[in-house]
Amino acid sequence: MPRRHVLAVAGAAALLPPDLAFASSGARRVASLDWGVSETLYAMNIPVAGAADNAGYAKVIGQPATPRATVNLGLWSAPNIELLQALQPELVFIQNWQQALLPLLRRICQVQAVTIYTRQGSAYAHACAATRAIARSVGQADAGEVLIARGEAALAQSRAGLHAQQGMKIIVVMIIDGRGFIAFGRTSMFHDILGQLGLVNVWMAAPQLLCGASAIDLPALVSCPASYVVVIDPPGPPSGQDFYQSRLWAELPFVKERRVVRLPSLWEFGGLPTGYRFGGLLGNALLEAA
Amino acid sequence: MNPAIPRMASGPALLALAMALPAGGLAWTELAHVPPGAVGHLLLMYSFLPRIAVSLLAGASLGLSGALLQAVLRNPLAEPTTLGTSAGAQLALTMVTLGWPALSLVEREGAALAGAALASVISCGLAWRSGLSPLRLILGGLLISLFCAAAAAVMGLLDAVQLSSVFLWSTGTLGQYDWTPALFLLPQFGVAVCGAALLLRPLSTLALEDEAARSLGVSLLSLRLAALGLAVALAAAVVCVVGVIGFAGLAAPAFARLAGGRGLKAQLIWAPIIGALLLCLTDQLILAGGHWAALLPTGTATALLGAPLLLWLLPQLREGRPVPGLAASGRSFAWRPGRFVLVFFLLLLAGLLALGFGRGADGWGIVSGWPVLGWRWPHVLAAAAAGAMLAAAGAVLQRMTGNAMASPEVLGVSAGAALGVIILTLALGTMGEAGRLAGAATGAACVLAVLLLTGRRGAVSPQRLLLAGVAITTVVSALAALLAASGDPRMQMLTGWMSGSTYLVTAPQASMAALACFVLLVATPPIARALTMAPLGRGTGHALGLSVFAGQTSLLLMASLLTAAGTLVVGPFTFVGLMGPHFARMSGCRGALASLFVAALFGALVMILADWLGRNLLFPYQIPAGLLAAAVGCPLVLWSLWRSQ
């Protein structure tokens, strides 16, 4: 196999001019096949040669934006292998659920799988560990520490602003067109961020979904002892606006008593940047609602 | 058939009671969970009661729709989705959601209704000049369903996160927050009941043969159109408000029939009642299941609960009248070798195109050099081998059943293989290729065993076989929709395979697929005799001194092995098993063995082209070859159906 590998590199090198960003920084040439890793890399200002589904990323995550030099590699479940090889990455990042891709990717370069959502432990702790591991792998360990320190400082600032809300009971739900309701439990990123803001998540049911959420019905939502109901729009374009116009919604106790906060869409499988963005949005929204 | 059940209403009534009692009991206990006071009243009025009303109305509508379709099409397999209604609605909804995400629910419902009607009009148009022949109608409707499902799946795959709520909707969620859906369904159902009552007498004459009915002075065309219109409008309304409810339209009339409600009048009365109670009971079971069951959409649950029940009841089902011919013609003439060479040449050309030409980092270009070819050849070889095997399986099945809509997908073996993989993944989490292979092989073998057991006494009845296959396929497609809706990223890897992607195929896998293809095709000549005799029926076979059971079992085994080997490579929903034999027929090939080989060649050709298109059309995004084969091939087959009238 080594001969084939050498030929592969030689062939691709003939096709593509070397990328200036990588030549100047001396950093390792990396590609990311997971949006959570992509947003982490972008937030650390680490150049990324190729990333999975830039178009979808722009719609679902958006911030931080994909750098212009980053090549779109197609779907994260089926990235374009020929294109990836032509980019000559030295290291490619995947999430642990993409391990089916390992046999293909290992023929191209070194592969690093990160793990954030597992239905166990703390998603935030996993994301911090993943961020540090990513930063170390690209030779910029400091960038990881800076990202975490800045994010936690912003959370601490939000927490200071929320002094009147400390210990407040919160439930975070995602409503899918008024019919499907999921609430985020203790293995979700949002749970840990609530804790860092000094708020208490009242939804402690066992996680059903990998993102740490589980199904909740209206009676359970209405009778849960939360002071505020945080409604996150599902990722992508707004859907189910009819529900928010319906009589049932208007008459729900937490809506009538103005104990509801609506946040724009957030990806429930996001990395640290998504978590910090949730913290900032929620902090502002709670201050406005008070 | 159980002779103990009298031909009166007592059977269906007992069945209805047996479903109504637990449904009522569950609803009563559910009421106890509603919190007291104003909030409880609110939830009762705007969530709980509308949900019961919608489940009853949707179930009744689907039951009536199914009963009407089965009567008009004279086919116990007919159901509201047979005309492509629900798939058309889903495609339209997916499109408007992508284009205009902010549309209100009412506007989206309008779009779904238009899509449903358009799909139904196309399938009726295809059968128009043949006087809406039942078989043509079903074939056209099935192809439109396949096309719409494939097109919607391509969009969904490229936009999975954005469309999650569409997928949830498409799997049949009955949750309600006001009375709008119930009030939308009620008048439509009322009008349909009146229409069905008016049509009852003339429809009864339809039970006679066409000639006899015509001699009684009944206008067959307008009668069928009226009944079909009624059935389609009902099904479209249900799809609009609650999404696709798998199986209810098929199960309700079948259960009514099995309980003794066999006449047209009994069917039209009992199918809606049983459908309503069936859906209500299923929905209440889900509500009672607590929050673990809440993620399971009711439309999926009906399929999951209904299919095993139907499989269990299947041996009691009375043998239906054989569907009047298409494909089953016993005529056999030699195919000119020149054409065989031509198709083979085309295949080689397609292979070269797929290997050497395509888009890369620098745009379109001819590729030479090992690195790129090293990635490509396994895809091309695997696609070709899988296409050939699935098309050959389709040829065997169509020959066996004398039915041009038979295909490996309909047999359910592909679906069984997929089910094996899904269950293994859900149980064990992430797994390697060996696990995937073991799961698929086990699933396929299980379905094969069920099919063999179903027909263990006497010859395997083609209709029974198809019905069992449809049941299994329904379960798997419902599960696939659920997986897409679950938002679990690990499942997206699975949905890629299920939609017919050759993406993860490695060189050893591709070589194994090619080897399996070669071995199985070489093994077909020994069963050529059974293949030739298959369409002639039981009587002829006995008269010629053949062992019908041995012959049919060997054919079944061959079809299943071909299907399982093909499915392991490209997933369960590649409709090449339907298209390969069809192209072979179009090209004028009629001999049993010759058409099998020509079908295999066409199958390989279709899959190679689909694989190439899938890699290049939306570069760098890659569309699974199976989806593309369905999205491109189905209109081709539809066009040829239209021309062949």
Side-chain angles (χ1 to χ4, degrees), chain A residues 4 7-8 11-12 15-16 56 59-60 72-75 77-78 80-83 85-87 95-100 103-104 176-180 205 208-211 214-220 222-223 234-243 246-249 251-253 267-269, chain B residues 33-35 39-40 42-43 46-47 97 101-102 104-106 157-166 168-169 173-178 180 287 291-292 294-295 360-362 369-372 374-376 430 432-433 486-490 492-493 495-496 501 503-504 506 619-622 624:
Chain A
R4 184 181 300 177
L7 278 175
L15 283 172
L16 269 179
K59 282 188 218 162
V60 173
N72 186 355
L73 290 174
L75 290 177
S77 53
N80 195 311
I81 291 292
E82 291 174 21
L83 193 55
Q85 186 165 49
L87 291 176
Q95 274 269 15
N96 64 335
W97 59 65
Q98 290 169 294
Q99 283 182 8
L104 290 178
I176 297 153
D177 79 5
R179 292 172 179 183
Q208 284 175 297
L209 301 172
L210 195 61
C211 62
S214 48
I216 181 172
D217 57 9
L218 261 180
V222 166
S223 55
S239 63
Q241 295 305 305
D242 280 8
F243 177 60
S246 72
R247 169 99 193 272
L248 178 62
W249 173 256
E251 296 283 324
L252 285 173
W267 199 41
E268 65 269 35
F269 289 102
Chain B
H33 287 294
V34 174
V39 174
L42 191 72
L43 290 173
Y46 291 100
S47 181
T97 308
S104 75
L105 201 61
V106 177
L157 200 76
L158 294 180
D159 228 296
V161 183
Q162 285 81 351
L163 288 175
S164 57
S165 67
V166 177
L168 200 63
W169 176 89
T173 315
L174 284 176
Q176 302 294 319
Y177 49 83
D178 58 18
T180 316
L287 282 176
H291 80 246
W292 274 100
L295 285 181
D362 305 327
W370 178 248
V372 174
W375 290 118
R376 278 189 195 167
T430 318
E433 278 163 46
S486 75
D488 190 330
R490 292 172 308 174
Q492 194 154 0
M493 305 297 297
T495 44
S501 170
Y503 182 81
L504 287 174
T506 58
F619 183 88
Y621 295 90
Q622 298 174 85

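Numbers restart at 1 for each chain; the letters A, B, ... are given by sequence-line order, proteins then strands.
Between W249(A) and Y46(B), the ring centre distance reaches or exceeds 6.0 Å.
In this structure, CZ on F269(A) lies 4.5 Å from SG on C211(A), to the nearest 0.5 angstrom.
Neither the backbone nor the side chain of S223(A) comes within less than 4.5 Å of any heavy atom in chain B. With a 4.5 angstrom heavy-atom cutoff, P253(A) touches chain B only via side-chain atoms.
There is no side-chain donor-acceptor pair under 3.5 Å between N80(A) and Y621(B).
Among L218(A), L73(A), V222(A), L248(A), the residue with the largest count of heavy-atom pairs under 4.5 Å with chain B is L248(A).
One N or O on the side chain of Q98(A) and one on the backbone of Q95(A) form a donor-acceptor pair closer than 3.5 Å.
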